[in-house]
A.B. asks: 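Please see the structure below; I have some questions.
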Amino acid sequence: MAEQIVAGPTAAAFAAATEAARDAGPTALPAFAHAADAGPMLEAEELARHFDVSRPLLQRLFAGEARRILRAVDGVSFSIPKGTTLSLVGESGCGKSTVARLVVGLYPPTRGRVIFDGQDLAQARADSAQRRRMQMIFQDPYASLNPRWRVQDIIAEPIRAFGLVTDRGAQRDRVAQLLTQVGLSPLDGEKFPHEFSGGQRQRISIARALSSNPEFLVCDEPTSALDVSVQAQILNLMKALQRDLGLTYLFISHNLAVVRQISDRIGVMYLGRIAELAPAETLFTAPRHPYTRALMEAIPDLDMTGRKRIPVGGEVPSPISPPPGCPFHPRCPLANERCRAEVPALLPARGTPESVVACHAVEEGRDHIEAPLAVAAALS
Amino acid sequence: MMPALLEVEDLRVEFPTRRGLLTALDGISFAIDPGEVLGVVGESGAGKSMTGAAIIGLLEPPGRIAAGQVRLAGRRIDTLPYEEMRKIRGREIGAIFQDPLTTLNPLYRIGDQLIETMQTHLGVNAAEARRRAIEWLELVGIPAAAQRVDSYPHEFSGGMRQRVVIALALCAEPKLIVADEPTTALDVSIQAQVITLLKRLAREKGTAMMLVTHDMGVIAEAADRVAVMYAGRIAEIGPVREVVRHPKHPYSVGLMASIPPLDRRVERLAQIEGAMPRLSAIPPGCPFNPRCPYAFGRCRTERPELLETGATRAACWLYDAASERHVAGARAHG
Ligand SMILES: Nc1ncnc2c1ncn2[C@@H]1O[C@H](COP(=O)(O)OP(=O)(O)OP(=O)(O)O)[C@@H](O)[C@H]1O
Ligand SMILES: Nc1ncnc2c1ncn2[C@@H]1O[C@H](COP(=O)(O)OP(=O)(O)O)[C@@H](O)[C@H]1O
Ligand code: SF4
Ligand code: SF4
Ligand SMILES: [Mg+2]
Ligand SMILES: [Mg+2]
């Protein structure tokens, strides 16, 4: 037997192996591709959602307490052009999921409005032909699938609900096609959710969301419950589907590295507001808001370049009693009197006008863009 | 040479089930020195938590250690009776779990929990324990510790609670800390604070630490060495720099390559096809062979032991010069 001497295993070998698998796989189904014409798929205008978290009236009167209002989302505006991905990132409780729910109409807004393809969301939701055009994928692939239904019925449910395909045989064909599209086997339709791993369950959720042939998908942390190796599979799948079907995504995540892979534009949220909204590359090469810069500093360094990581001090304040002025001021090294009194507006930033930033320091030009580390040093 | 503080040797954990015996851990061996942080990574179900549970004697029945040894400072602890092991936990081994709410008793004040632990394990009086409790809270970065020592857990945020859990695990000055996903439930900015804290305390107090997580960023940041687990076995173990930057086992290579980079956008992330096998269906030979782009004849029948690859050790036949297929410069083993 001839002895083979191979070079050590490489990342490239894995990339090549998966490329080969992809080329063989029938992901592309051009029949369902949407023409990506210009114009926004979705616009949010000054969206706000407040929750009343007061104790019951009697108890409150007894204790002499005022009503407690939690401002989960407090004036958020953005627009998502067709065929593109806007991501929202931010720490736990900053309002990302609440925005997702507002955008698909699961919550009515306290203030502001959502426009879906030129039409007010409330109107669009009333029309099933419009409603089927938007779908949502959730974080937890365990909780979002009915454990007692077979996978084929889970996936076919929106098809039936919207009356898209009525013939049983055609429904079966469509389910088989969707299963193949997300990298599962048509035979998997017979099984129940508990027979699948987390990543496979998320594939089932995606197949279900795709079954009404939507154009707009709201994905709330679709990979956060998954392992990195499985996350890579799902992110690759979502990108391929976007390319093949012309989908528009609102993608929500707390992971900046993930967001960098998938987004055209990124909004950084803090305490119910957008701190910075910028094209993906600009956000990473020239982050402007002190919070964005601090977040990037806080990420563990995989390359181990010897960079000394300096954590952001303090914690996110409560959305029930947010600080006056700029919500980031208690943690911000650049805060001054104006910051403590006046809420900064989201404005194009000097130097990077494609980014909009809510920061007085940036507006006044006292944010030292050349020295990003200065922020972190001051935060320590 | 001084023996390592923790030595795990050829550990096997089994679960008898109705459908037969499941082997959850098989042939796990590693050691941790005083002041050293060993990271343990791998996808969910790989056996990370199980390894931690076996070490601290908290395997859930019917799970049991079926073979191998666990030694703490040279003394065998896997065979100790429950009561004795309970004393060692808390005094010599501190445990930190993912969810701070399950570790803290919601009905007791934070300070009282610290005080009781120190009184039990260190035999200090109440006043001294209270003084130290405040000191610990300051050390883990709770602002105004003297005022907040009498708070209840629900009055603290998630990040603060997790820092209290760390204080609780450390206050009896254990020699070993087993931390299972201690930052997973926390936000990035708080995660950073907690990791920095853990690392600093391990160094300063000479505490050995086993840090279980599936977050490679956390490992890169905090660990000295890292063990990559797959299907209940160690696939590769070595210095963190080597394993992260120059992994040798094909699974480690795939795992590292699938991490989305922060510093650039890649069109397509490398991915490992398929999924980790269930315990009831671990293939013969190398457990990774059905997913491995390098698999060859021997991989399907013979199980590889950890072999020297240079800076790391990997359970892979590519590193045996006797294999029909191997990397250039592989040593002859066995
Ligand atoms: N139905 C509700 N009633 C009261 N408060 C709520 C409700 N839903 C959300 N909130 C609060 O609104 C704020 C924003 O919540 P949201 O779920 O949008 O955060 P998020 O950014 O998605 O966080 P995570 O990263 O943890 O998922 C939080 O303070 C949350 O506790
Ligand atoms: N009580 C149990 N009975 C049978 N198998 C179990 C039990 N608890 C855990 N396992 C299995 O043991 C393996 C390792 O689990 P665990 O150590 O929790 O993995 P990790 O922490 O790496 O995610 C998994 O396959 C899991 O399903
Ligand atoms: S407005 Fe002021 S406090 Fe807010 S981020 Fe800018 S500099 Fe900091
Ligand atoms: S032993 Fe064989 S199958 Fe296992 S990792 Fe090495 S090359 Fe791949
Ligand atoms: Mg959320
Ligand atoms: Mg675990």
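Here the structure is a predicted model, which means the values were calculated and not measured. Lettering of chains follows the sequences in order, A, B, ..., and the numbering in each one begins at 1.
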A.B. asks: Verify whether one side chain among Gln271(B) and Ser258(B) offers a donor that lies under 3.5 Å from an acceptor in the other.
C.D. replies: no

A.B. asks: For Thr312(B), check side chain to side chain donor-acceptor pair (under 3.5 Å) against everything at least two apart and list the hits.
C.D. replies: Glu236(B), Thr309(B)

A.B. asks: Any idea which of Val266(B), Val218(B), Leu318(B), Asp215(B) has the most non-hydrogen atom pairs under 4.5 angstrom with chain A?
C.D. replies: Val266(B)

A.B. asks: Keeping Arg265(A) on the side-chain end and Ala280(A) on the backbone end, is there a donor-acceptor pair under 3.5 Å?
C.D. replies: no

A.B. asks: Can His214(B) and Glu43(B) be counted as having a side-chain donor-acceptor contact under 3.5 angstrom?
C.D. replies: no

A.B. asks: Which bit of Thr285(A) is near chain B, if near means a heavy-atom gap under 4.5 Å: side chain, backbone, both or neither?
C.D. replies: neither

A.B. asks: Name the region of Met256(B), side chain, backbone, both or neither, that has any atom closer than 4.5 Å to a heavy atom of chain A.
C.D. replies: neither

A.B. asks: In terms of relative ring orientation, are Tyr270(A) and Phe328(A) parallel, tilted or perpendicular, with 30° and 60° separating the classes?
C.D. replies: perpendicular

A.B. asks: Given the options Ala257(B), Gly329(B), Pro247(B), Pro250(B), which has more heavy-atom pairs under 4.5 Å with chain A than any of the others?
C.D. replies: Pro250(B)

A.B. asks: Tell me if a side-chain donor or acceptor on Arg325(B) pairs with a main-chain N or O of Tyr294(B) at a distance below 3.5 Å.
C.D. replies: yes

A.B. asks: Please flag which part of Gln200(A) lies under 4.5 Å from any non-hydrogen atom of chain B: side chain, backbone, both or neither.
C.D. replies: neither

A.B. asks: Between chain B and each of Leu235(A), Val259(A), Ile262(A), Val230(A), count heavy-atom pairs under 4.5 Å; write down the option with the most.
C.D. replies: Ile262(A)

A.B. asks: So what's closer than 4.5 Å to chain A heavy atoms on Phe296(B): side chain, backbone, both or neither?
C.D. replies: neither

